[in-house]
2 protein chains.
Amino acid sequence: MSAAGPKPVSIFDVAKQAGVSHQTVSRVINDAPMVADTTRARVKAAIADLGYRPNRSARTLAGGAVRSVTVFTFDTSLYGTAETLRGIEDAASAAGFTVLISVLDPEQTYTDGDILGRLSHDGAPAIVIAHDETTTQARRILRKAQPGAVVATGDDQLSREPGAADWLVPLDDRVVAKRATRYLLSMGHRTVHYLAMPGKARRQDGWAEALAEVGIEPPEVVQSGWTIGSAAEAAAELVADPGVTAIMCGNDDLAFGVLHAAHRAGRSIPGDLSVIGCDDSPMAAYHVPGLTTVDLDFRGVGRSAFELLRHKLEGGPDPRPSWRSPELVVRETSGPPRQ
Amino acid sequence: MSAAGPKPVSIFDVAKQAGVSHQTVSRVINDAPMVADTTRARVKAAIADLGYRPNRSARTLAGGAVRSVTVFTFDTSLYGTAETLRGIEDAASAAGFTVLISVLDPEQTYTDGDILGRLSHDGAPAIVIAHDETTTQARRILRKAQPGAVVATGDDQLSREPGAADWLVPLDDRVVAKRATRYLLSMGHRTVHYLAMPGKARRQDGWAEALAEVGIEPPEVVQSGWTIGSAAEAAAELVADPGVTAIMCGNDDLAFGVLHAAHRAGRSIPGDLSVIGCDDSPMAAYHVPGLTTVDLDFRGVGRSAFELLRHKLEGGPDPRPSWRSPELVVRETSGPPRQ
DNA sequence: GTATCAACCGTGAGCGCTAACATTTCCTGG
DNA sequence: CCAGGAAATGTTAGCGCTCACGGTTGATAC
């Protein structure tokens, strides 16, 4: 009810005004060749005059080049996903693509139909930011249904299958966590505890592997929610235990929660306890003490994912990877255990 | 190239399989009445059987009920916008709407055509998260072009015009900042300094008004960027000045930057310096010391914005506002000035 | 038995655009 | 001066769906 004003101007209105056929107008708005310069100018004038804007629905319906991406993700307000989304958005809008987002609930399981039904149409291009079970599942469904029009970021067992580079922008969570854990071990800690985000994630695997490498039985994982508060609560017992000297956290937010809990428990950082995060969110450097963490270039990953998708869609030269590789950033929350 | 598999199944394929007309299928997928239960079941079976999924482009083209919203915002990775977007997404996807995002660059100015051209079609529903100049401008353009299909969150001069409640979910930045400044003044501070986010924003106005109320000439505003780092840098001089006893920050992130700068300058909080933020981001409560700030229910605002838009689109009962009103949260970074 | 009116279902048109092909125009060479 | 061909433009069909009708059935009323 009562949407726009009069009626939108269509390609025919422009054609009439410019004294050409609608097809010529179509050619102009698509920058197609085979249009005389004078005609082109006349059409452009008519477009400006009437305030014409092409209807995207009609365009995709008619089978023109697709100019939209659907992004599947969970919780756009987390640092990692927000940054990745931002990277995709940057690249996509620069290329004239529309970005649709579809937020998946990690608590829920989705059928093939649920996922595919969120696309604007069958075969619509999609990017999956896959860092947990639900989104990884979505990626699997989409790849099965339309391998030509989907790429993903993230990491899972199948990433190592041959040809994964064609559709995956790998941000190897496993290796990242492994490296961080090794670093802690190298500082002399007897073992490293792990505070986990909800859902089974690859970072936890990396942590366990690093311990296994040196023959340490991984201690029981402590489960946290997604928020800083839940981490503080979940870690309360852990930080109170004087036997615990090092904690690796699923991400920076959880690490901040642990730091807070440790502060309340009166434990000194890093003397009594080393804490390490993951992501290098902007806060990490400005927290006091500065958080040791792993720098992850989510925005670059998002950009690359879009470029990869576009390459699959439109061909052209292979886009070379353009994101910073993960790097351990040692700050002030980590060090050797006391004595 | 090489998008989907064979060819997508259309409404006609389903019709044929179920032995009905395409229109009956249309009725079923739109939950329209006037379809016999047995027929409905048969059609649903055919839909499941063939894996049919309606094409959204075709639907909107054909003039059916609109089922998408375009969200205009800037920088989806900032706390406030990310949360608002999340709220919109929650409500929208629950209502079966698709969410499109369109990120505007605050550095850029957009023409009417730029903004309107980002809609999927003329008159497409839109929500503007308007907390700065660029997005406020976008809101103005959209309201002029299609008043029936746009709502906004945020605050600006025109919010006070009669009937604004029909299209605005007000998060009164001005009043919020005013209240926070008054609180600081009430603690006995001679004046309050302001660290500003880029662009002219309403929070700054509120701060200035609170000072003016008690006859204080507002000190020069210190400009910061959007990041914590830029805030730390921008505030370096300010925090080093022993005459400065209270700083109000554009948002929590900037406050964290100030806190960091103050720490480096060796000033004690809140003894030497009171710092107050705005947003009550999750970190605020877990920072050490806890950040005094104003709780802003962005997610609730986002949800309400969507409900309001939906009301405009489809009629129905007036949605009553359902977000928490802003509230000052006093923690440990604020107090009376020393002596 | 026939008029009446629901309830149910089908037919045709058209949304705004692009693809594919048909047609016209204009310039070239011999 | 006209064949030949490229450049420029026009024509037709159809993407998948919904809207606005028109038709058909079957129960009820008289």
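Every chain is numbered from 1 and lettered A, B, ... according to where its sequence line falls, protein lines coming before strand lines. All values below were derived from every heavy atom in this structure, side-chain atoms included, with hydrogens, water molecules and symmetry-related copies excluded.
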I'd like to know if A/D75 pairs up with B/R86 as an ion pair, taking the criterion as any Lys NZ or Arg NE/NH1/NH2 lying under 4.0 Å from an Asp or Glu carboxylate oxygen. yes
Roughly how many Å is it from CZ in A/R56 to P in C/dT18, rounded to a whole number? 12 Å
Close side-chain approach of B/T84 and B/T73, heavy atoms under 4.5 Å: no
Separation of atom CG in A/D37 from atom P in D/dA7, rounded to whole Å: 14 Å
Starting at atom NZ of A/K16, determine the distance to atom P of C/dC17, rounded to an integer number of angstrom. 16 Å
Mutual orientation of the aromatic rings belonging to A/F298 and A/H131 [parallel < 30°, tilted 30-60°, perpendicular > 60°]: perpendicular
Protein-nucleic acid N or O pairs under 3.5 Å, nucleotides 14-21 of chain D:
unit_1: D/dC15; atom_1: O2; unit_2: A/L61; atom_2: O; d: 3.3
unit_1: D/dC15; atom_1: O2; unit_2: A/A62; atom_2: N; d: 3.3
unit_1: D/dC17; atom_1: OP1; unit_2: B/Y52; atom_2: OH; d: 2.4
unit_1: D/dC17; atom_1: OP1; unit_2: B/N55; atom_2: N; d: 3.1
unit_1: D/dC17; atom_1: OP2; unit_2: B/I11; atom_2: N; d: 2.5
unit_1: D/dT18; atom_1: OP1; unit_2: B/N30; atom_2: OD1; d: 3.4
unit_1: D/dT18; atom_1: OP1; unit_2: B/N30; atom_2: ND2; d: 2.9
unit_1: D/dT18; atom_1: OP1; unit_2: B/R59; atom_2: NE; d: 3.4
unit_1: D/dT18; atom_1: OP2; unit_2: B/S26; atom_2: OG; d: 2.6
unit_1: D/dT18; atom_1: O4; unit_2: B/H22; atom_2: NE2; d: 3.2
unit_1: D/dC19; atom_1: N4; unit_2: B/Q23; atom_2: OE1; d: 3.3

Is there side-chain contact between A/N55 and B/D122, with heavy atoms separated by less than 4.5 Å? no
To the nearest 0.5 angstrom, please state how far the CZ atom of A/R303 sits from the CD atom of A/E307. 9.0 Å
Under 4.0 angstrom between B/T24 side-chain N/O and C/dG10 OP1 or OP2: yes
Send over the distance from B/R40 CZ to C/dC8 C1', rounded to a whole Å. 11 Å
Once you round it to whole Å, what is the distance between P of C/dA20 and CE of A/M34? 16 Å
Would you mind telling me which of B/K144, B/R140, B/R143, B/R118 makes a salt bridge (Lys or Arg N to Asp or Glu O under 4.0 Å) with B/D112? B/K144
